[in-house]
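The structure follows.
Computation of the quantities below employed the complete heavy-atom set of this structure, encompassing side-chain atoms and omitting hydrogens, waters and symmetry-equivalent molecules.
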Amino acid sequence: MPSDFAGRVIRWQRAHGRHGLPWQGTRDAFRIWLSEIMLQQTQVSTVIPYYERFLGRFPEVTALAAASADDVMSLWSGLGYYARARNLHRAAREVVERFGGVFPTSFDDLASLPGVGRSTAGAIAAFASGERRAILDGNVRRVLARHAGIAGDSGGAEVLAQLWEAAESRLPGKGIEGYTQGMMDLGADVCTVRKPACLLCPVSADCIARLEDRVEELPGKRVRAPRRRKRIAMLVAISRGEVLLQKRPPTGIWGGLWSLPEADAAADPARAIRDWGITPTQVSPLEPFEHAFTHFTLEVAPYRIDVRASKPIAAEKGATWLPLSELQGAALPSPVRKLLRSIAAASGSDAGSPRAATRR
């Protein structure tokens with residue numbers, strides 16, 4: 001193990017790391033868990049307002065467990081990776097059912113919850129109870145791969161095992177909280193993907209990547225399949241200032257959110273909307289857009305479809321009609337919300353006002 005690696009990280013974090021974040025300075029496992037789930041694959045600056053809104057609505061795990069899925073997804077809307085929100089809700093209910101509403105702090109109990117893997121459980125246990133556990137999120141993988149000179153795809157089993165060994169071997173005998181935060185901070189602010197600030201790094205003196213001039217080479221690039229592309233049409237059916245929305249399946253992209261009905265990109269949108277028992281009075285193409293997911297890019301051709309003044313009934317298809325003035329409170333995917341806001345603005349609906357949001 002490198003000499004005093006953990007001590008250098010702890011001292012650096014104390015002087016130069018991030019302090020004063022909303023989830024710091026607490027042993028409340030619920031709050032720490034919430035922040036760690038939100039921070040998965042998401043930047044701190046993006047997470048903070050979502051974290052504060054969630055706590056304002058659900059100040060404790062029992063309140064989150066008692067909430068409806070729509071309430072949870074609505075607050076999560078825009079944060080992305082929606083499986084996290086579904087697992088968050090499931091985990092809250094398990095805490096109530098299995099732990100009497102007292103959020104666990106031990107690694108083993110935490111790792112048994114939906115959406116909590118080895119690294120996330122380690123972070124929560126370290127911050128909530130001082131349990132001596134390693135973490136290995138994306139930022140920490142980069143720090144360790146460079147410092148220990150571990151080459152290869154960090155997603156591969158063999159390389160991942162080496163990284164976990166490096167993480168475990170560097171744990172401090174005490175001060176796990178400051179060390180864990182320090183490793184996160186190093187990866188986020190110093191040992192960055194591009195142009196890392198090696199001169200500011202407290203462990204650069206024995207960093208193999210720096211000593212062997214391999215900083216740009218490490219960590220090894222993940223082997224990814226070519227990104228697929230998928231084309232669909234979105235049907236924006238408007239009736240008396242309300243838009244037709246359909247609940248998406250609980251799993252898959254945008255799982256559990258409300259979205260627009262879809263059709264094959266080559267389909268006639270007027271015919272596609274008639275399958276809903278809706279007669280269009282006018283069909284107008286809107287500006288196409290793309291939305292990138294982890295493994296593919298979605299190409300969307302949206303169509304505005306004006307329908308008869310008498311509002312059709314579509315409940316049998318798991319659908320609802322939402323006033324354009326109430327978009328603020330709806331659990332919508334970000335690109336769908338953006339599209340509908342532009343339509344609402346063009347039609348004069350107050351889609352973003354607090355008054356509109358409280359009516360929902």
Side-chain angles (χ1 to χ4, degrees), residues 40-42 46 69-70 73-74 76-86 155 221-239 241-308 312 314-322 324 327-328 330-347 349 351:
Q40 292 171 353
Q41 299 176 288
T42 309
T46 301
D70 274 356
M73 298 305 286
S74 175
W76 193 276
S77 180
L79 196 55
Y81 299 99
Y82 291 96
R84 294 182 298 171
R86 296 192 294 272
K221 301 296 186 291
R222 299 195 65 173
V223 178
R224 299 184 183 275
R227 182 182 288 273
R228 297 182 295 111
R229 301 185 76 84
K230 179 181 178 181
R231 299 181 66 238
I232 63 167
M234 278 188 174
L235 311 178
V236 190
I238 305 288
S239 173
E242 297 186 341
V243 61
L244 178 66
L245 297 176
Q246 185 177 28
K247 191 71 170 287
R248 293 191 63 86
T251 58
I253 64 167
W254 298 332
L257 297 181
W258 290 92
S259 190
L260 296 164
E262 297 176 5
D264 187 271
D268 176 0
R271 180 175 296 178
I273 202 66
R274 285 193 181 97
D275 290 341
W276 288 73
I278 294 172
T279 301
T281 58
Q282 183 175 344
V283 177
S284 308
L286 300 171
E287 184 176 354
F289 62 89
E290 294 185 353
H291 185 74
F293 292 93
T294 305
H295 301 298
F296 73 98
T297 297
L298 187 66
E299 300 177 4
V300 180
Y303 293 88
R304 173 171 177 147
I305 302 173
D306 293 291
V307 302
R308 297 182 188 278
E316 66 276 9
K317 291 202 174 189
T320 190
W321 290 88
L322 178 75
L324 288 170
L327 297 177
Q328 181 76 17
L332 302 170
S334 294
V336 172
R337 185 186 301 278
K338 182 178 179 180
L339 172 63
L340 294 180
R341 277 179 171 167
S342 68
I343 293 173
S347 63
S349 297

Compare all side-chain heavy atoms of I343 with those of L324 and state whether any distance is below 4.5 angstrom.
->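 Touching, per the 4.5 Å side-chain cut-off.
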
Which atom pair, heavy atoms only, marks the closest approach of P288 to P302?
->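 Here P288 and P302 meet closest at CA-CD, 3.8 Å.
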
What residues, two or more places apart in sequence or in another chain, satisfy salt bridge (charged side-chain N to carboxylate O under 4.0 Å, His left out) together with R271?
->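 Testing R271 for salt bridge (charged side-chain N to carboxylate O under 4.0 Å, His left out), a comparison that skips the adjacent residues, returns none.
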
Working for side chain to side chain contact (heavy atoms under 4.5 Å, CB included), residues L260 and L245 | CA-CA 5 Å; L260 296 164; L245 297 176; 4.0 Å; yes

Side chain proximity check, L257 to W76, heavy atoms < 4.5 angstrom =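 Sidechains of W76 and L257: no contact.
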
Which atom names give the shortest non-hydrogen contact between D70 and K247, and what distance separates them?
->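 That would be OD1-NZ, 3.0 Å.
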
For the atom pair OG (S74) and CG (L332), what is the distance rounded to the nearest 0.5 Å?
->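 The OG atom of S74 sits 8.0 Å away from the CG atom of L332.
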
Can you check whether L79's main-chain N or O pairs, donor with acceptor, with R84's side chain at less than 3.5 Å?
->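 Present.
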
Minimum heavy-atom separation for R86 to G256, with atom names?
->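 For R86 versus G256, the nearest heavy atoms are NH1-N, 4.5 Å.
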
Nearest non-hydrogen partners of A331 and M73, listed with the distance =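 Minimum heavy-atom separation between A331 and M73: CB-C, 3.6 Å.
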
Check the pair L286, M234 against side chain to side chain contact (heavy atoms under 4.5 Å, CB included), reporting the backbone distance first and the verdict last.
-> CA-CA 10 Å; L286 300 171; M234 278 188 174; over 6 Å; no

Would you call the rings of F296 and F293 parallel, tilted or perpendicular if under 30° counts as parallel and over 60° as perpendicular?
->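 F296 and F293: parallel rings.
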
Taking side chain as C-beta onward, heavy atoms only, is W258 less than 4.5 Å from V336?
->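 No, every pair of side-chain atoms sits at 4.5 Å or beyond.
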
Give a yes or no on whether R227 atom CZ has more than 12 heavy-atom contacts from other residues, nucleotides or ligands under 6.0 Å away.
->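 For R227, atom CZ is crowded (more than 12 foreign heavy atoms under 6.0 Å).
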
Atom of S239, atom of V307 and distance for their closest heavy-atom approach |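 Looking at all heavy atoms of both residues, the shortest contact is CB-CG2, 3.3 Å.
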
Where at least one partner belongs to residues 248-262, residue pairs that pass salt bridge (charged side-chain N to carboxylate O under 4.0 Å, His left out), sequence neighbours excluded |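 Matches after skipping sequence neighbours: R248-E262.
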
Can you list the residues that meet the ring-ring contact (aromatic ring centres under 6.0 Å, His included) rule with H295, with sequence neighbours excluded?
->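 Residues passing ring-ring contact (aromatic ring centres under 6.0 Å, His included) with H295: none at all.
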
Got a sec, which pairs hit salt bridge (charged side-chain N to carboxylate O under 4.0 Å, His left out) with one end in residues 277-297, sequence neighbours left out?
->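 As it turns out, the salt bridge (charged side-chain N to carboxylate O under 4.0 Å, His left out) pairs with a partner in residues 277-297, which skip direct neighbours, are R229-E290.
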
State, with a plain yes or no, whether a side-chain heavy atom of V300 is found less than 4.5 Å away from one of L339.
->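 SC-SC contact between V300 and L339 ruled out.
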
State whether the side chain of S342 and the backbone N or O of L340 hold a donor-acceptor pair below 3.5 Å, judged by distance alone.
->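 Side chain of S342 to backbone of L340, a donor-acceptor pair under 3.5 Å: no, none is there.
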
Straight-line distance of I273 CD1 to Y303 OH, nearest 0.5 Å =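 One finds 13.0 Å between CD1 of I273 and OH of Y303.
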
Measuring from R274:CZ to T279:OG1, what's the distance to the nearest 0.5 Å?
->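 Going from the CZ atom of R274 to the OG1 atom of T279 covers 6.5 Å.
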
Using the test salt bridge (charged side-chain N to carboxylate O under 4.0 Å, His left out), find all partners of D268 that sit at least two apart in sequence or belong to another chain.
->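 With sequence neighbours excluded, D268 shows a salt bridge (charged side-chain N to carboxylate O under 4.0 Å, His left out) to no residue whatsoever.
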
Between W254 and L298, is any pair of side-chain heavy atoms under 4.5 Å apart?
->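 Sidechains of L298 and W254: in contact.
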
Kindly indicate whether the side chain of V236, heavy atoms from C-beta on, has any atom under 4.5 Å from the side chain of I238.
->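 Side-chain contact under 4.5 Å: yes.
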
Could you list the residues that satisfy salt bridge (charged side-chain N to carboxylate O under 4.0 Å, His left out) with R337, not counting sequence neighbours?
->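 Here no residue qualifies.
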
